[in-house]
There are 2 protein chains.
Amino acid sequence: MAKKLVQDGSCPVATTISLLNSQWKILIMRELLLHPSERYSELQHSVAGISQKMLTQSLHEMTADGIVQRQVFPEVPPHVEYRLTELGQSMDPILKAMHNWGNQYLASHPEKRKTDKQPETDFAQKRP
Amino acid sequence: MAKKLVQDGSCPVATTISLLNSQWKILIMRELLLHPSERYSELQHSVAGISQKMLTQSLHEMTADGIVQRQVFPEVPPHVEYRLTELGQSMDPILKAMHNWGNQYLASHPEKRKTDKQPETDFAQKRP
DNA sequence: CCGCATCCTTTGCGATACTG
DNA sequence: CAGTATCGCAAAGGATGCGG
């Protein structure tokens, strides 16, 4: 379970933050919104820079919070997939808003971008 | 300036997170969206639980990032007001999305709420 | 393949005291 | 009023090694 905030639990914004309390969780969500189901090792590669410790920990908390659900395939070698629950998917608008803002920001602040005109994962337009 | 992420700078979501990288900044933004201009001491009281260190630090970074602007009134005793820049205000949709989601979540998970039927700051409906 | 346990360094952040 | 400076602990998080 995610750590509680100092803030009043009845503030909707604070409530949201308490579940999305790390950059990694947000990036994991973004990944799972783009690819509905991914296994552990896929996530570790697609969420660039994350350590197994943080990945494991984030997935645990998100699972406990009911945002992510874990599916184990009883095979050898082991196979585990993670996907967003309905609750997790309902956070889509938040990620969309972040994506849109970031895009606008990068467009008007080209110096902040590492490399120009990249293919880009085009999050917002996905899913018809 | 806010600390850079490990993540690729060309991802819009990661870019957004890099500017909103702490719960306090988000809560400060929420406050400044509700009250267009507030002074240091007002913020310290309205953002419940924040220490002066975190308030000062957050305001510094947000100012460096161009999200917040600082206005000094040359008076005695000193008087300083903070307000969102246009860039900061453009983050409104993100906060709105968080607010809406949090509201829905609290509605369907009453047990997460500290106390029921509070007056509530009614963020989303504000500003006609 | 999918983790968990441990160590160990780094960072976050509150508490406290002091200034223009 | 609106901060700055310093200390010190506690939490975050990377690295590494082991286990089902």
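Order of the sequence lines sets the chain letters (A, B, ...), proteins ahead of strands, with each chain counted from 1. Hydrogens, waters and symmetry mates are skipped; everything else that's a heavy atom, side chains included, is used.
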Partners passing side chain to side chain donor-acceptor pair (under 3.5 Å) against B:S90 (at least two apart in sequence or in another chain):
A:W101
To the nearest angstrom, the CD-P distance between B:Q71 and D:dA2 comes to 13 Å
Whole angstrom value for the distance that separates C1' of D:dG20 from CZ of A:F73
19 Å
Measure NZ/B:K25 against P/C:dG12 and give the value in whole Å, please.
10 Å
Separation of C:dT16 C1' from B:M54 CE (nearest whole Å)
17 Å
Between NZ on residue A:K25 and CG on residue A:L59, distance to nearest 0.5 Å:
10.0 Å
For B:S51, side chain to side chain donor-acceptor pair (under 3.5 Å) partners two or more places apart:
none
Partner set under salt bridge (Lys or Arg N to Asp or Glu O under 4.0 Å) for B:R83, not counting sequence neighbours:
B:E81
Rounded off to whole Å, could you give me the CD-to-P distance for the A:Q23 and C:dT11 pair?
14 Å
In B/S/- notation, 5' to 3', how is nucleotides 1-8 of chain C contacted by protein heavy atoms closer than 4.0 Å?
BSSB-BB-
Pairing of DNA chain C as dot-bracket, 5' to 3': ( ) intra-strand, [ ] crossing, | other strand, . unpaired, with Watson-Crick or G-U pairs under 3.5 Å?
|.||||||||||||||||||
Atom CD of B:E61 to atom P of D:dG3: distance rounded to whole Å?
15 Å
In whole angstrom, what separates B:I50's CD1 from D:dA2's P?
15 Å
Test ring pair (Phe, Tyr, Trp, His ring centres under 6.0 Å) applied to A:H35 - qualifying residues, sequence neighbours left out
none
Please list all pairs passing the ring pair (Phe, Tyr, Trp, His ring centres under 6.0 Å) test where one or both residues lie in residues 65-84 of chain B, with sequence neighbours left out.
B:F73-B:H79
Does A:Q44 have any side chain to side chain donor-acceptor pair (under 3.5 Å) partners at least two apart in sequence or in another chain, and if so, which?
none
Using the test side chain to side chain donor-acceptor pair (under 3.5 Å), find all partners of B:R39 that sit at least two apart in sequence or belong to another chain.
none
Any chance you could lay out the side chain to side chain contact (heavy atoms under 4.5 Å, CB included) test for B:L55 and B:V47, step after step, and finish with the verdict?
CA-CA 9 Å; B:L55 179 56; B:V47 179; 5.7 Å; no
Round to the nearest Å and state the distance from A:N21 atom CG to D:dG13 atom P.
9 Å
